[in-house]
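What follows is a short report on a single structure.
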Amino acid sequence: MISQLSAKRLKNSYKLEKIRHSLAHLLAHAVLELYPETKFGIGPAIENGFYYDFEFKKPITNEDLPRIEMKMKELVKSNIKFERKLISKEKAKEIFKTQPYKLELIEEIEEKKISIYKSGKFIDLCKGPHVKSTKEIDPQAFKLIKIAGAYWRGDEKNPMLTRIYGIAFETKKELEEFLKKEAEAEKRDHRILGQKLELFLFDEEVGAGLPIWTPKGTILRKIIQDYLYEELKNAGYFWVTTPHIGNLNLWKTSGHWELYRENIYSPIKIDEDEYLLKPMNCPFHVKIYKSKVRSYKDLPIKYAEFGTVYRYERSGVLHGLTRVRGFTQDDAHIFCTPEQLSTEVEKLLKHAIKILKTFGFKDFNIYLATRPEKFAGTEKMWKKAMNVLKYALNKQKLNYQIDPGGGVFYGPKIDIKIKDCLGREWQCTTIQVDFNLPERFDLNFIDKKGEKQRVIMIHRALLGSIERFVGVLIEHYGGALPLWLAPEQIWIVPVATRHQKYAKEIQKSFELSGFRVQVKDEKETVSKKIREGEIQKIPYILVVGDKEEKSKSVRVRKRGKGDVGEMELEKFLKKIKREIMR
Ligand SMILES: [Zn+2]
Ligand SMILES: [Zn+2]
């Protein structure tokens with residue numbers, strides 16, 4: 001079942017694109033009027049808005065943006081028309097003679113005629129499209145948001161220009177909704193919450209993109225990993241452990257050294273050989289498969305590993321836990337016969353969705369990525385595998401979209417992106433068929449006739465990586481993790497020193513039932529401890545004093561609800577046991 005953007009949505013997005021791109025011109029127009037000596041770079045429409053790059057004579061700051069925005073609104077209201085013209089290169093050079101960046105672009109244009117757009121006093125090199133006139137733009141539906149440095153044409157050898165970003169929508173209401181959502185996203189930012197909740201940290205001296213997990217963060221990782229460990233064991237996987245480095249020759253055989261080098265760190269010299277920090281776990285699992293003769297009766301064989309890999313990411317794209325340089329994949333490889341591929345993919349889809357749902361995600365977007373230009377295997381193999389994936393998706397009654405050419409060179413794949421509570425998409429599960437590694441490593445099995453046959457390999461990660469997934473969980477829940485995931489589930493706050501014994505007793509009985517409980521017996525006021533527990537988003541804070549001790553009960557404070565009253569111990573325990581059932 002392929003869902004497609006409805007024609008109406010496509011039309012709307014086209015209209016919005018024209019509005020955004022036209023606003024980029026109007027931004028440059030406003031800058032031209034306010035700062036006449038400015039040099040102009042380029043100004044495209046982007047997701048949610050637009051930008052324009054400038055070289056200002058005197059640097060501007062964010063404080064200057066309201067003035068520029070005001071000017072833009074004035075221009076919008078004055079009903080300016082956008083007109084396209086085709087002119088000769090000579091004429092273009094004459095028009096832009098004081099604009100070095102534009103002249104550079106003109107030199108590179110291959111067509112004889114050069115397309116320009118004129119809107120009022122402002123002329124830009126541009127192919128369009130644009131709105132017919134500023135009448136089509138709502139002056140209340142856009143906003144300049146920030147300035148940033150950007151190298152001319154993204155090259156650090158070029159001058160640094162000033163980029164002004166704006167956001168724009170068709171209506172004021174849409175703009176307001178967007179801003180509200182942004183503010184909400186900011187509150188949920190896992191980089192800030194992660195520190196507040198004491199889950200992980202980054203340290204300059206350790207290095208960019210290398211998260212350090214605190215005690216609490218490590219418990220959270222362990223909860224996730226323990227859950228997966230059981231799930232996969234029950235699904236017939238074997239857990240394996242492999243080294244963090246491997247001989248360069250291994251990565252030459254696998255093809256990673258040739259095809260993936262830009263993401264691999266420089267070799268480490270050990271004795272006479274060179275080793276690589278592993279960017280992938282696959283070749284190691286391949287070696288386990290190859291360590292024995294495999295019969296069709298043994299298949300499918302599934303190896304799973306929490307494999308920590310290291311990949312180079314440019315410092316500019318690093319982002320909290322969601323883009324890092326070292327991370328732990330919940331990785332697995334499935335070796336099966338061609339006949340088993342369909343069933344295995346089906347099982348994987350079912351399992352992935354079950355697991356994602358357990359973590360509280362209900363909405364998914366599924367993508368089937370097809371053959372890219374450069375590919376391994378034959379066209380026939382690809383076609384067959386694509387049919388298998390489609391069949392599995394249809395059989396599970398899953399809606400999906402085609403991602404044309406988005407497959408990896410070694411085979412087609414299915415990606416599952418989860419939608420969080422703000423509707424943002426996050427890539428998690430990936431299921432990839434591989435025709436390449438079985439060839440490169442000569443991986444076989446003995447079939448029914450006693451003959452050697454090429455095995456099929458599937459790479460798959462369900463959560464993606466533990467780091468990224470924790471980042472997504474924090475943002476989805478705004479840090480208020482469900483009871484089963486909370487590293488500290490219950491705090492017990494004794495009212496006075498004499499209640500400590502009772503508090504410890506309760507702690508013990510909860511711990512026997514598998515709960516993670518802290519007694520907060522520091523010399524601080526009860527209200528301060530409660531406040532602290534609220535900041536840490538502890539699911540339950542239990543206050544115990546004379547009354548509670550006497551009646552074998554607790555005073556319950558539920559996260560987000562406050563004091564919900566006194567409850568008998570047994571009753572409370574029953575309640576949280578029920579809550580924790582997945
Ligand atoms: Zn334009
Ligand atoms: Zn793999």
Side-chain angles (χ1 to χ4, degrees), residues 17-29 32 40-46 49-53 80-86 92 96 101-102 105 109 114-120 122-134 136-137 166 168 237 240 242 246 250-251 253-256 259-260 263 278-289 301-309 311 327-336 348 376 407-411 413 415 429-438 440-441 443 455-462 464-465:
E17 173 118 10
K18 283 201 292 186
I19 290 176
R20 286 171 176 161
H21 185 56
S22 301
L23 279 162
H25 280 227
L26 290 162
L27 165 59
H29 191 163
L32 175 73
F40 297 89
I42 55 162
I46 51 170
F50 57 93
Y51 72 75
Y52 211 108
D53 288 343
I80 294 171
K81 287 195 174 53
F82 279 80
E83 291 163 298
R84 186 176 185 211
K85 269 192 194 134
L86 287 170
F96 294 103
Y101 300 111
K102 298 289 178 194
L105 295 174
I109 295 175
I114 290 183
S115 171
I116 58 165
Y117 262 89
K118 188 172 178 302
S119 48
F122 182 70
I123 302 174
D124 208 347
L125 272 182
C126 175
K127 283 190 173 162
H130 281 283
V131 294
K132 283 201 189 74
S133 102
T134 55
E136 292 172 45
I137 301 171
Y237 287 75
V240 299
T242 69
L250 174 71
W251 305 102
T253 308
S254 73
H256 288 109
L259 296 155
Y260 198 68
N263 294 95
K278 70 170 163 185
M280 310 256 178
N281 306 299
C282 338
F284 298 96
H285 295 192
V286 160
K287 289 290 179 183
I288 305 174
Y289 178 83
I301 292 177
K302 310 173 186 184
Y303 296 130
E305 177 177 13
F306 293 117
T308 303
V309 296
R311 294 180 190 172
F327 54 94
T328 303
Q329 289 181 303
D330 64 316
D331 202 3
H333 295 93
I334 294 162
F335 300 90
C336 64
L348 276 173
V408 206
F409 75 91
Y410 50 71
K413 64 168 179 170
D415 284 335
T429 304
T430 182
I431 300 168
Q432 312 180 343
V433 181
D434 187 348
F435 307 123
N436 185 48
L437 284 189
R440 285 178 173 264
F441 283 97
L443 304 179
V455 78
I456 300 246
M457 186 173 175
I458 308 171
H459 307 252
R460 76 103 187 96
L462 298 183
S465 84

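All residue numbers in this chain count up from 1 along the given sequence. Below, all heavy atoms of this structure are taken into account, side chains as well, without hydrogens, waters or symmetry copies. When a ligand or atom number is given, it counts from 1 through the structure's own listing order.
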* Tell me yes or no: between the side chains of T242 and K287, is some donor less than 3.5 Å from an acceptor? => no
* Structure fact -> Looking only at heavy atoms, the pair that brings Y303 and V240 closest together is CD2-CG1, 3.8 Å
* Relative to each other, are the rings of H21 and H130 parallel, tilted or perpendicular (30° and 60° limits)? -> parallel
* Asked: Within the stated cut-off of 2.8 Å, is an N/O/S atom of H285 closer than that to the Zn ion (ligand 2)?
  -> no
* Asked: Which is the closest N/O/S atom of H25 when seen from the Zn ion (ligand 1)?
  -> NE2
* To do: With the Zn ion (ligand 2) as the reference point, give the N/O/S atom of H459 that is nearest.
  => ND1
* To do: Would you please indicate yes or no on a ring centroid separation below 6.0 angstrom for Y289 and H333?
  => no
* Rounded to the nearest 10 degrees, what's the angle NE2 of H130 makes with SG of C126 at the Zn ion (ligand 1)? Could you check? => 90°
